[in-house]
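First comes the structure, then the notes that go with it.
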Number of protein chains: 2
Amino acid sequence: MTRMHYTRDNMAGLLRSHDINPTHQRIEIAHALFSRQEHLSADQVMAIVNTRHSETSKATVYNTLKLFLEKGLVREVIVDPSKVFFDPNTSPHHHLYEVDSGKLSDIDAEHVQISGLPPLPDNMVTEGIDLIVRVRRKA
Amino acid sequence: MTRMHYTRDNMAGLLRSHDINPTHQRIEIAHALFSRQEHLSADQVMAIVNTRHSETSKATVYNTLKLFLEKGLVREVIVDPSKVFFDPNTSPHHHLYEVDSGKLSDIDAEHVQISGLPPLPDNMVTEGIDLIVRVRRKA
DNA sequence: TCCGGATATTAGACAAAGTCCAGATTGCCG
DNA sequence: CGGCAATCTGGACTTTGTCTAATATCCGGA
């Protein structure tokens with residue numbers, strides 16, 4: 001996979017390719033997530049987008065992140081009871097969570113094997129498997 | 001493992017064995033969790049404990065659940081962004097989460113193998129590995 | 001028994017994350 | 001330009017959880 005530049009223009013294309021109407025606010029929010037390639041909470045996204053002067057309302061940030069989620073542009077990572085993180089990396093991967101610092105990083109799923117899971121009932125489909133390794137700094 | 005009765009008297013013993021002073025409120029909260037053997041949120045615990053007449057304050061419910069957590073009597077399950085579940089089953093196991101209904105059930109860890117996780121940095125220790133299988137009812 | 005300190009509990013104010021709504025803006029198409 | 005649909009907005013609201021200062025309970029010793 002070639003390294004690409006996450007310019008605002010490219011964001012517009014990315015949004016369109018996911019069937020999302022690329023408005024100014026949506027482009028800024030996508031840019032915040034993708035240019036950093038980091039896990040961000042809604043709060044953090046709002047702070048980034050509104051650094052210079054307030055441009056985007058809280059409601060829009062939440063609506064947009066939910067929209068991105070539905071359209072498969074980002075993933076939701078639930079590791080901290082107090083806030084949800086949004087992950088611009090949608091390729092299969094797991095997470096490493098440092099409980100004291102709150103730092104969250106990716107674990108490539110490529111070499112991780114999970115076996116022995118019991119079969120699901122017929123009327124159920126797997127939506128996703130989340131593997132979270134919680135670590136702590138040694139005393 | 002023999003089936004046991006989760007009487008309030010047995011709860012007192014259980015608390016003592018975990019180095020917890022068995023007060024009336026703590027016994028009631030432990031009883032709510034262990035007699036049901038279910039995943040309960042703080043809200044649900046409070047509702048159960050206060051069914052007949054209000055007996056236990058919100059602060060005490062939260063304090064007590066946090067205490068149980070520290071003492072290793074229960075586990076915390078973070079699957080729903082809006083609330084934390086407390087799990088009286090502390091033996092190694094994973095979770096199955098039905099996203100539409102919010103129903104949460106256990107997956108015994110005995111036959112599940114997870115391999116290929118990358119090594120941790122030297123100064124880190126694993127606190128726990130959470131595996132959550134998210135399922136949805138077929139359309 | 002009574003006292004004193006340590007431990008627990010409480011009500012209610014507070015904080016943070018997220019939702020909701022009704023009105024204002026924007027952008028597009030004829 | 002006029003109108004419609006989609007989007008955005010401020011702000012009120014809800015929910016989950018925390019904090020604090022005051023009160024209650026428990027227990028050991030004199």
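Below, chains carry the letters A, B, ... as their sequence lines are ordered, and counting in each starts from 1.
- Counting only heavy atoms from C-beta outward, the side chains of B:Leu40 and B:Phe86 never approach each other to under 4.5 Å.
- Atom C1' of nucleotide D:dG17 and atom NZ of B:Lys83 are separated by 13 Å, given to the nearest angstrom.
- Rounded to whole Å, the distance from CG on B:Leu15 to P on D:dC26 is 15 Å.
- The separation between B:Asp19 atom CG and C:dA8 atom P is 10 Å, rounded to whole Å.
- Proximity of A:His93 to A:Arg75: side-chain heavy atoms (C-beta onward) are separated by under 4.5 Å at one or more points.
- Comment: A:Lys103 engages A:Glu98 in a salt bridge, judged by a side-chain N to carboxylate O separation of less than 4.0 angstrom.
- Neither OP1 nor OP2 of D:dC26 sits under 4.0 Å from any side-chain N or O of B:Thr23.
- Note that the CD1 atom of B:Ile20 and the CG atom of B:Leu73 stand 5.0 Å from one another [nearest 0.5 Å].
- If you measure from atom CE of B:Met46 to atom P of C:dA11, you get 10 Å, rounded to the nearest angstrom.
- Within the 4.0 Å cut-off from OP1 or OP2 of D:dT16, not a single side-chain nitrogen or oxygen of A:Ser82 is found.
- If you check residues 48-81 of chain A against DNA chain C, the residues with a heavy atom closer than 4.0 Å are A:Lys58, A:Ala59, A:Tyr62, listed by number.
- Hydrophobic clustering (ILVMFWY, side-chain heavy atoms < 4.5 Å, transitive): A:Val133 and A:Val77 are in distinct clusters.
- The neighbour count for B:Asp100 CG, taken as heavy atoms of other residues, nucleotides or ligands under 6.0 Å away, is above 12.
- Between D:dC26 and B:Asn21, no contact under 4.0 Å exists linking OP1 or OP2 to a side-chain N or O.
- Place A:Gln25 and B:Phe86 on DNA chain D by their nearest nucleotides, and A:Gln25 ends up nearer the 5' end.
- One can place NE2 of A:His24 at 14 Å from C1' of C:dT25, the figure rounded to the nearest angstrom.
- Under the 3.5 Å distance criterion, the side-chain polar atoms of B:Asn89 are matched with a main-chain donor or acceptor of B:Ser91.
- Atom pair A:Phe85:CZ and C:dA17:C1' shows a separation of 12 Å (rounding to whole Å applied).
- Note: CZ (B:Arg26) to P (C:dT10) measures 11 Å, nearest angstrom.
- Distance, B:Asp43 CG to D:dT15 P: 9 Å, rounded to whole Å.
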